[in-house]
Amino acid sequence: MHSCRVVRVCVWGGAHFRKWSAWSEVLRNDEVRGPAAEGFEKVRASIADALRRGRAAGTVPAAADPDRGARMVMGLLHGFLLQRVAFGVTDTAAFADDLRAGLTL
């Protein structure tokens, strides 16, 4: 199987065991890690760009670093996806509410 297809199985579909297999493959297989890292970087850059636009519009604090903020958002997304796949957590509205509450602590 081509490495890109393994990553797509991980992210977008297939049985739960395939998702776990693909993620573990990213950790040990350079042929899979490369395309996965490229995809990660594209999403991270897109989030950073959105944060920059938010800063320019005044909706993101000026002191916020868009690149570090994008990594934080990616970590939150990965955590939510892990909970969704492993435990069936699907309440995105509650996740967003809890995130907002946590950021005000």
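As the structure is a prediction and not an experimental result, all values here were calculated from the model. Position 1 is the first residue of the sequence, and the numbers go up from there.
Of the inter-residue distances, the one linking Met72 atom CE with Asp65 atom CG reads 11.0 Å to the nearest 0.5 angstrom. To the nearest 0.5 Å, the span separating CG on Leu82 from CG on Leu77 amounts to 12.5 Å. The distance from the CZ atom of Arg71 to the CG atom of Leu76 is 13.5 Å, given to the nearest 0.5 Å. Atom CG of Leu81 sits about 9.0 Å away from atom CE of Met74, to the nearest 0.5 Å.
For Glu38, there are no salt bridge (charged side-chain N to carboxylate O under 4.0 Å, His left out) partners at least two apart in sequence or on another chain. Taking Asp67 as the reference, Arg44, Arg52 meet the salt bridge (charged side-chain N to carboxylate O under 4.0 Å, His left out) condition, with sequence neighbours excluded.
The nearest pair of heavy atoms linking Val32 to Pro35 is O-CD, 3.3 Å. Contact detail for Gly69 and Leu51: the closest heavy-atom pair is C-CD1, 3.7 Å. In terms of heavy-atom proximity, Ala48 sits nearest to Ala70 at N-CB, 3.6 Å.
A side-chain donor-acceptor contact under 3.5 Å links Arg33 to the backbone of Val26. With Arg55 contributing its side chain and Pro61 its backbone, the two residues share no donor-acceptor pair below 3.5 Å.
Note: Phe95 and Phe80 have tilted aromatic rings, judged against thresholds of 30 and 60 degrees for the angle between ring planes.
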